[in-house]
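A quick write-up on the structure given underneath.
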Amino acid sequence: MDEKQQYLAKFWLVIGHIPEGRVATYGGIAEMAGYPRMARAVGRCLKTLPEGSSLPWHRVINAKGMISFPEGSPQYQTQRQRLEDEGIIFRNNKVPLAQHLWLGD
DNA sequence: ACCATGACAATCG
DNA sequence: ACGATTGCCATGG
């Protein structure tokens with residue numbers, strides 16, 4: 001496996017470890033995986049995910065606590081719906097990170 | 001091979 | 001507080 005695929009695998013692992021009802025930021029995931037400042041690589045990682053993937057990609061949001069898709073996009077609504085379904089509350093289209101942010105165990 | 005773009009983020013003016 | 005700039009890496013034209 002190529003070196004670059006290495007941290008992609010780490011990202012998948014970390015994302016898969018995000019508990020239900022919690023969210024994580026791109027930078028946070030990158031840092032937890034041991035690759036700080038690789039937030040963009042995390043984004044690339046998710047972007048290339050197969051649709052049927054079991055990865056809880058919906059628990060990944062940006063540092064502002066908001067969904068990184070344009071509002072009105074089907075993906076945005078899907079993600080938001082799933083998060084709310086897990087008990088995550090949205091306040092003015094953003095998530096209170098102080099309550100839901102997951103920083104590892 | 002160079003430039004532009006992207007589910008981002010930290011810093012600066 | 002907020003828009004602009006810079007850093008980072010992979011991909012596509």
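Just so we're on the same page: letters track the sequence lines, and every chain starts at 1. Computed from a prediction, not measured in an experiment: that's the story for all the values here. Values below: all heavy atoms of this structure, side chains included; hydrogens, waters and symmetry mates excluded.
- The same atom, P, is picked in C:dA1 and in B:dC8; the two are 23 Å apart, to the nearest Å.
- The distance between atom NZ of A:K64 and atom C1' of B:dA10, rounded to the nearest whole Å, is 11 Å.
- Between A:I29 and the options A:L13, A:L46, A:V42, a side-chain contact (heavy atoms from CB on, under 4.5 Å) holds for only A:V42.
- Remark: A:Y35 is not in phosphate contact with C:dC8, judged by side-chain N or O atoms under 4.0 Å from OP1 or OP2.
- Here B:dA10 presents its P atom at 15 Å from CE of A:M38, a figure rounded to the nearest Å.
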Under 3.5 Å, which donor-acceptor pairs link side chains of residues 84-99 of chain A to any protein atom two or more places apart or in another chain?
from: A:E84; atom 1: OE2; to: A:R80; atom 2: NE; distance (Å): 3.3
from: A:E86; atom 1: OE1; to: A:G21; atom 2: N; distance (Å): 3.2
from: A:E86; atom 1: OE1; to: A:R59; atom 2: NE; distance (Å): 3.0
from: A:E86; atom 1: OE2; to: A:H58; atom 2: NE2; distance (Å): 3.1
from: A:E86; atom 1: OE2; to: A:R59; atom 2: NE; distance (Å): 3.3
from: A:E86; atom 1: OE2; to: A:R59; atom 2: NH2; distance (Å): 2.8
from: A:N93; atom 1: OD1; to: A:R80; atom 2: NH1; distance (Å): 2.7
from: A:N93; atom 1: ND2; to: A:E71; atom 2: OE1; distance (Å): 3.3

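- Using a 4.0 Å cut-off on heavy atoms, none of the residues of residues 89-105 of chain A approach DNA chain B.
- Shown here are the side chain to side chain contact (heavy atoms under 4.5 Å, CB included) partners of A:P19, two or more places apart in sequence or in another chain: A:R22, A:W102.
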Look for any protein N or O under 3.5 Å of an N or O in nucleotides 4-7 of chain B and output each such pair with its distance, or none.
from: B:dG6; atom 1: N9; to: A:R40; atom 2: NH2; distance (Å): 3.4
from: B:dG6; atom 1: N7; to: A:R40; atom 2: NH2; distance (Å): 2.2
from: B:dG6; atom 1: O6; to: A:R40; atom 2: NH1; distance (Å): 2.9
from: B:dG6; atom 1: O6; to: A:R40; atom 2: NH2; distance (Å): 3.0
from: B:dA7; atom 1: N3; to: A:Y26; atom 2: OH; distance (Å): 3.1

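- Taking A:S68 as the reference, A:Y26, A:N62 meet the side chain to side chain contact (heavy atoms under 4.5 Å, CB included) condition, with sequence neighbours excluded.
- Scored by the ring-ring contact (aromatic ring centres under 6.0 Å, His included) test, A:F11 finds A:Y7 as partners (sequence neighbours excluded).
- Only the C1' atoms considered, B:dA7 is 22 Å distant from C:dC2, to the nearest whole Å.
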